[in-house]
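What follows is one structure encoded as C-alpha cells, with my remarks underneath.
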Number of protein chains: 2
Amino acid sequence: MNIGDVATRSGLPAKTIRYYEDIGLVKPLRDTNGYRTFREIELHKLAFLGRARALGFSIEDCRNLLQLYEDESRTSAEVKEIAASHLERIRQKIVDLREMSDTLSNLIDSCAGDHRPDCPILESLGTKIS
Amino acid sequence: MNIGDVATRSGLPAKTIRYYEDIGLVKPLRDTNGYRTFREIELHKLAFLGRARALGFSIEDCRNLLQLYEDESRTSAEVKEIAASHLERIRQKIVDLREMSDTLSNLIDSCAGDHRPDCPILESLGTKIS
DNA sequence: CATAAAGGTTCCAGTTATAGGAAGGTCAAG
DNA sequence: CTTGACCTTCCTATAACTGGAACCTTTATG
C-alpha cells in the first residue's frame, strides 16, 4: 500500500502520516523507488492513532498507548492510568471553559448590542486596577 | 514604571509584555538607557488584555476589543458580536470535550485496571478496520 | 569604591500537531 | 510522448508564549 491508500483507509491525511513516521510512531518500509510501503499492521496502527487522537490523547499518550497495545505483558492498570489522567485533564478543561462561558454569557446578556457606545463587556474588561 | 513593575501590577509575565509590544498591542516609551517606560495607560491596557485572555479571547480578538475600547464612537453591537462569536466557539469546544469525556469515561469504567492484560480501552482503540 | 545582585535589553530556539507549498522524481493511461 | 496523478524531501507558518544566552544598567552592600 502506498501512502495515498493508507490515508484513505485510515482517514488520516498523508501529511500527518509522514509526520507520524518522522516522530517514530510508524515505520513503513520503502520501495525501490523511494515510496513508502505500508503493511496491514501499519494501517492498523494509524487507525489506532486516529481514534486515540480523536479522543484527545496527546501524541505522547498515543506513543505510550501504542506501546502498551503491542506489549502482550502489559497490565490493564497501566492503560487505565493514562486514560484516567487524560480524562481528568479534559474534565478540568471543561470546568474552565464553562466558567468562561458563564462569565461571557452574563456579560453578553447585559450588553444592549445596539448603536450606542455603552458596553458592559468592555467596562468589565477595562476595570481600572489598584 | 519599568517592565518589572507593570508585570507585578498587571499580573502578566515580563516576557509576555515584551511579546505584546512586539505584536503591537502596547507601545511603551523608551528611557535613555533603552529600558521600556510604561505609563498608567499601558498598565491599564495590559490589565485589560490579561482579563480578555483569561476569558479565552484570542490575541486578534483582544486587538479588536482593545481598539473598540479606545474608540469612543464604537457601538456596543460591535463588541457584542465579537463576544458572542467567541462564546459560540467556547460552547462548541465544551460539547466536543464532553463527548470525549463521556466516551473515555465509559471505557475507563469498563476496564478492570488490574494486573491482567485485557483492556477494553485498547480494544476499542485497536478495533480492526475494514 | 569595587563588586555583586537584581533587573533590563535583544535575539534565537522550542513548544504542539500539524498544514501549505515549492521543486522535483515516478508511474499509468491515451 | 506527454499529461496528470502520485510520490518524495525540505522549508515555512500556525498560537501564544517560554526559556535561555549574551550582554548592559542600576542599585545595594562590604
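Naming: A, B, ... by sequence-line order, numbering from 1 per chain. Since we're looking at a predicted model, the values are computed, not measured.
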For the residue pair A/E60 / A/N64, report whether a side-chain donor-acceptor contact shorter than 3.5 Å exists. no

May I ask you to say what A/I23 touches in the nucleic acid, namely base, sugar-phosphate or nothing, with a heavy-atom cut-off under 4.0 Å? nothing

Please give, in whole Å, the distance from C/dA6 C1' to B/I3 CD1? 15 Å

Distance-only donor-acceptor check, side chains B/D114 and A/T75, under 3.5 Å: no

Within this structure, what is the CG-to-C1' distance between A/D5 and C/dA28, rounded to whole angstrom? 14 Å

Tell me: CG of A/L12 to P of C/dT18, nearest whole Å? 8 Å

From CE of A/M1 over to P of D/dC7, roughly how many Å is that when rounded to an integer? 12 Å

Under the rule for side-chain hydrogen bond (donor to acceptor under 3.5 Å, both in side chains), what residues qualify as partners of B/S73, not counting sequence neighbours? B/D71

From CD1 of A/I17 across to P of C/dA17 the rounded distance in Å is 17 Å

Using a cut-off of less than 4.0 Å, is there contact between a side-chain N or O of B/R18 and OP1 or OP2 of C/dT9? yes

Should A/Y19 and A/Y35 be regarded as members of a common hydrophobic cluster, given that ILVMFWY residues are connected when their side-chain heavy atoms come within less than 4.5 Å of each other, either directly or indirectly? no

Could you check how far NE2 of A/H86 sits from C1' of C/dT16, rounded to whole Å? 14 Å

Residues passing the side chain to side chain contact (heavy atoms under 4.5 Å, CB included) test with B/R39, sequence neighbours excluded, are B/L29, B/I41, B/E42

If only side-chain N and O atoms of A/R36 are considered, is one of them under 4.0 Å from the OP1 or OP2 phosphate oxygen of D/dC7? no

Summarise protein proximity over nucleotides 15-27 of chain D in one line of letters, 5' to 3': B for base, S for sugar-phosphate only, - for none, counting protein heavy atoms closer than 4.0 Å. -BBSBB----BS-

Anything under 30° is parallel, anything over 60° is perpendicular, the rest tilted; go ahead and classify A/Y69 against A/F48. tilted

